[in-house]
Amino acid sequence: MTDTEKPLNFIQKIIEEDIASGKTTQVQTRFPPEPNGYLHIGHAKSICLNFGLAKKYGGQCNLRFDDTNPEKEDVEYVESIKNDVKWLGFEWADQVKFSSSYFDQLYDWAVYLIKEGKAYVCDLTQEETREYRGNLTEAGKNSPFRERSVEENLDLFERMRDGEFEDGARSLRVKIDMAHGNMQMRDPIIYRIKNIEHHQTGDKWHIYPSYDYAHGQGDAIEGVTHSVCTLEFAEHQPLYNWFIDNLPVPSKPRQYEFSRLNVNYLVTSKRKLKQLVDENVVNGWDDPRMPTISGMRRRGYTAQSIRNFIESTGVTRVDGVVDMSQLEFSVREDLNENSPRAMCILRPLKVTLWNVPEENSTEYLVAPNHPQREDMGTRTLIFDREIYIDKEDFQEEGNKKFKRLVIGKRVRLRNAYVIEADEAIKDSNGEIIEVKARIIEGTLGNNPEDGIKPKGVIHWVSAIQNVDCEVRLYDRLFNDIAPDAGGKDYMESLNPDSLEVLTGCKGEVSLQSPRTDIPYQFEREGYYFLDADSDYDQDLENQRLVFNRTIGLRDTWDK
RNA sequence: UGGGACGUCGCCAAGUGGUAAGGCUCUGGGUUUUGAUCUCAGCAUUCGUAGGUUCGAACCCUACCGUCCCAGCCA
C-alpha cells in the first residue's frame with residue numbers, strides 16, 4: 001500500500017481518533033443519492049470517499065436511496081445508479097437501502113415528537129410559512145398553530161397520513177426557535193402532504209418526510225458512524241443533531257462535511273445536464289461529452305482513472321476548482337500503462353511503395369501490443385505495396401520541425417520499414433491524392449546501411465487489407481473555463497465543435513474483433529474506445545465499427 | 001452589528017510554534033521505431049492584508065479584506 005505515506009485527510013483523521021478513543025469500533029458509512037438523475041463526476045467523489053473510508057478502516061458502506069420526494073424520482077435512476085457504483089468498483093453492504101423503507105419508523109417517531117410537545121401540525125400555506133420564517137437578518141415569528149394541543153396534533157397528523165387533506169394544506173413542523181440565526185432551525189417542516197404514488201411504497205403514503213427529518217434517522221437506523229456529505233449541508237448539522245438528541249434512535253451518527261468537486265470547463269448540476277439532454281445538445285445522458293459516470297464510461301475513461309483522479313484531488317473544506325488537466329493526466333496515466341496499441345489512419349492518404357514487387361506483395365510483420373510491456377504479447381501487421389498514412393503526415397516540402405514524410409526525405413513506418421518519398425500525385429484541384437515512395441531495403445528492425453537515418457516515425461495501415469471504421473472526436477462541451485459561474489448562461493458558451501465525426505478511417509486488421517473492455521492506443525493519435533453504436537458481431541461485410549476518442553496523446557510538439 | 005464556513009505556487013494539496021512536502025500545469029536537458037512513455041533539472045525568502053505575542057509564527061492573538069453557503073412543504 002502506497003497510501004501509508006500519504007497524509008490523511010481531515011475525515012480520516014477524525015475516524016482514526018474515534019477508533020483510538022473507542023468511540024467507534026466498526027466504521028459504517030453510506031452513499032445516499034436521491035434517485036432523480038444520473039450520477040456524475042461530483043458523485044464519484046462522494047462514492048470514492050464513503051466507500052473508500054469503509055474499506056480503509058475495515059467497515060462497510062451502504063448504498064441508500066434517499067427517496068423521500070417521489071415527485072422527482074424514478075426506478076430508472078435507481079438502476080442506473082446501482083450500475084454506476086458497481087462499475088466504479090465498489091460493493092455496498094448487503095441489500096440496497098431505501099429511506100422509504102423507514103417510513104413506518106419515521107412516522108412513529110414523528111408521533112413521539114408530537115407527544116413530547118416538540119412537533120405540531122401547521123396550517124399555514126407555503127407562502128405564509130415563508131413570511132413567518134423571517135429572513136436572513138430578521139427573526140421569524142411563531143406560527144399561530146404552534147401551540148395546538150397534543151391531542152389535536154395527533155388527530156390532524158393521523159388524518160394527514162390517511163390522505164384526508166389536499167397537497168400542501170398542512171405540514172408537520174418541529175418546534176425549535178423561530179428567531180434562530182440558522183434558518184434551518186426556524187421550525188422546519190418534517191412532513192408534507194403529497195397525494196402521489198411512490199416508486200417504492202406505491203400508494204401507501206400521502207405524507208412524505210423531508211430530507212432533514214429522514215436523513216439522520218436513516219443513518220441512525222443503519223448504524224452509520226460517520227455521515228459524510230457536502231458543505232452545503234453544514235447549516236443542517238445542528239438540525240441533524242437536534243433529531244438525534246430528541247428521538248430514541250438506536251445509534252448516534254455524526255455528520256461531517258467536505259467541499260464538493262468542481263472541475264473547470266465542466267458543468268455538474270442535474271438540472272443543467274438535463275437541459276443538455278432535453279435540448280439535444282448532446283445525445284443522451286451517456287453522451288461521451290457528458291461529465292456523467294455513464295458518459296465517461298462510454299468515452300473510455302476507466303474506473304481506475306476516475307478513482308485515481310478523485311484520490312489526487314484530496315478531501316478538504318476549501319471551495320476550489322480542479323484543473324481539467326488533472327483529470328486528463330489520470331486518464332492518460334492509466335491508459336498509457338494498460339491500453340493495447342494499434343494503428344489506425346484517421347485521414348487516409350494512399351502511398352504506393354513502387355519498389356515492392358506487385359505479385360505477392362503482402363508481408364506479415366509482428367508488433368508488440370505495448371512497447372514497455374512484454375506481458376501484453378504481440379500482434380500481426382499486414383504490410384502491402386499500397387498503404388495508407390495520415391494526410392497530416394505528408395508534406396511536399398517540409399521544414400526543420402516537420403519530422404514526417406517529405407519528398408526526397410526518409411521516415412520510418414512504425415513497426416516496419418524506412419521509406420523515402422519520391423513524388424506526390426495530385427488531382428485536378430491540386431490536392432494530393434497519392435504519394436509514390438519506396439522502401440529502403442534492410443531497414444526492418446535496422447537503420448539504413450547508408451547511414452542516412454529517418455527523421456521520424458509515422459503510423460500506417462495496409463491499403464489492401466484493413467478495417468473500415470468511424471471515429472468520433474470529442475472536444476470540450478463548453479469554451480468557457482467556468483460555464484455556469486456567477487449565474488452565467490452556460491448555453492452561450494457551448495462549443496459548436498465539440499463533436500467531429502470521421503468516416504472511412506482505416507484500422508489495422510487486429511481491430512477486426514475489437515476489445516470492449518479498455519480503449520486502444522492508436523499510436524501517435526490517442527486513446528480510442530469502441531462505442532456502443534458499433535455492430536461487429538455480424539458478417540464482416542456489414543460490420544460497423546465506431547470508436548470514440550477518449551483523449552489524445554499528450555502533445556508537446558511545437559513547443 | 002443575521003448565522004455558518006473557507007482563504008498556503010497558475011490549479012489541487014501537506015504542514016497545527018522551530019525556520020514552506022507532493023501531484024497537475026509550465027520551462028529546459030537526456031533516452032526513444034509513438035513529437036507518447038520514461039528520465040534529469042527548474043519553478044513560493046513566502047503562507048489574504050495589517051498589527052501584536054514570542055528567541056522564533058503559515059501555525060497563537062487582534063483588526064480588516066475577500067470568497068462560498070443558508071430565507072423549498074428539494075436533496
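Below, chain A is the first sequence line, B the second, and so on; all start at residue 1.
Judged by atom type and distance alone, A/Arg524 does not reach the base of B/U34 through any side-chain donor-acceptor pair under 3.5 Å. Within 3.5 Å, no donor on the side chain of A/Glu235 pairs with an acceptor on the base of B/G4, nor the reverse. A donor-acceptor contact under 3.5 Å is formed by the side chain of A/Arg404 with the base of B/G35. With hydrogens and angles left out, the side chain of A/Arg554 and the base of B/U37 share no donor-acceptor pair within 3.5 Å. Within 3.5 Å, a donor on the side chain of A/Gln326 pairs with an acceptor on the base of B/G23, or the reverse. A/Glu337 contributes no side-chain N or O that forms a donor-acceptor pair with the base of B/U37 under 3.5 Å.
When distances run from any side-chain atom of A/Pro371 to the nucleotides B/U34, B/A75, B/C73, the shortest one goes to B/U34. Here the side chain of A/Arg317 is nearest to one of B/U33, B/C6, B/G72, namely B/C6. Listed nucleotides: B/G35, B/U34, B/C73. Nearest to the side chain of A/Leu553: B/U34. When the nucleotides B/C12, B/C68, B/C24 are ranked by their closest atom to the side chain of A/Asp319, B/C68 comes out on top. Distance from the side chain of A/Val318 is smallest to B/C6 among B/C73, B/G35, B/C6. Comparing B/G35, B/U25, B/A75 by their closest approach to the side chain of A/Val457 singles out B/G35.
Listed for the A/Asn153 side chain is a donor-acceptor partner under 3.5 Å among the backbone atoms of A/Val121.
OP1 or OP2 of B/A75 sits under 4.0 Å from a side-chain N or O of A/Arg192. Of the side-chain N and O atoms in A/Thr125, none sit less than 4.0 angstrom from OP1 or OP2 of B/C73. At B/G15, one or more side-chain N or O atoms of A/Lys13 fall inside 4.0 Å of OP1 or OP2 (strictly under the cut-off). Between A/Lys453 and B/U32 there is no side-chain N or O to OP1 or OP2 distance below 4.0 Å. Phosphate contact (OP1/OP2 of B/C6, side-chain N/O of A/Thr316, threshold under 4.0 Å): absent. At B/C69, none of the side-chain N or O atoms of A/Arg260 fall inside 4.0 Å of OP1 or OP2 (strictly under the cut-off).
At a threshold of 4.0 angstrom between heavy atoms, the contacts of A/Ala416 include nucleobase atoms, whether or not backbone atoms are also involved. A/Leu231 comes within contact range of no nucleotide atom at all, as no heavy-atom separation falls under 4.0 Å. Residue contacts shown for A/Leu124 include a base, since a base heavy atom lies under 4.0 Å away.
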Go through it in stages, so that I can follow the logic: the residues are A/Glu523 and A/Arg341, the test is salt bridge (charged side-chain N to carboxylate O under 4.0 Å, His left out), and I'd like the CA-CA distance, side-chain angles, deciding distance and then a yes or no. CA-CA 6 Å; A/Glu523 290 187 287; A/Arg341 312 287 128 128; 5.7 Å; no

Does the side-chain contact (heavy atoms from CB on, under 4.5 Å) test come out yes or no for A/Ile458 and A/Arg414, once each step is laid out? CA-CA 6 Å; A/Ile458 64 172; A/Arg414 176 75 168 153; over 6 Å; no

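When Watson-Crick and G-U wobble pairs are counted only if both distances are under 3.5 Å, B/A21 pairs with no nucleotide at all. Base pairing analysis places B/U53 opposite nothing; no Watson-Crick or G-U wobble pair with both distances below 3.5 Å involves it. Pair assignment for B/G72: none, as no Watson-Crick or G-U wobble contacts are both less than 3.5 Å. Pairing for B/U1 is absent, with no Watson-Crick or G-U wobble pair whose two atom distances lie under 3.5 Å.
A ring-centre distance under 6.0 Å is not found for A/Phe547 and A/Phe529.
Looking at A/Leu381 and A/Trp460, their side chains come closer than 4.5 Å, going by heavy atoms from C-beta outward.
In this pair, A/Tyr417 and A/Phe383 present their aromatic rings tilted. The plane angle is within the 30 to 60° band.
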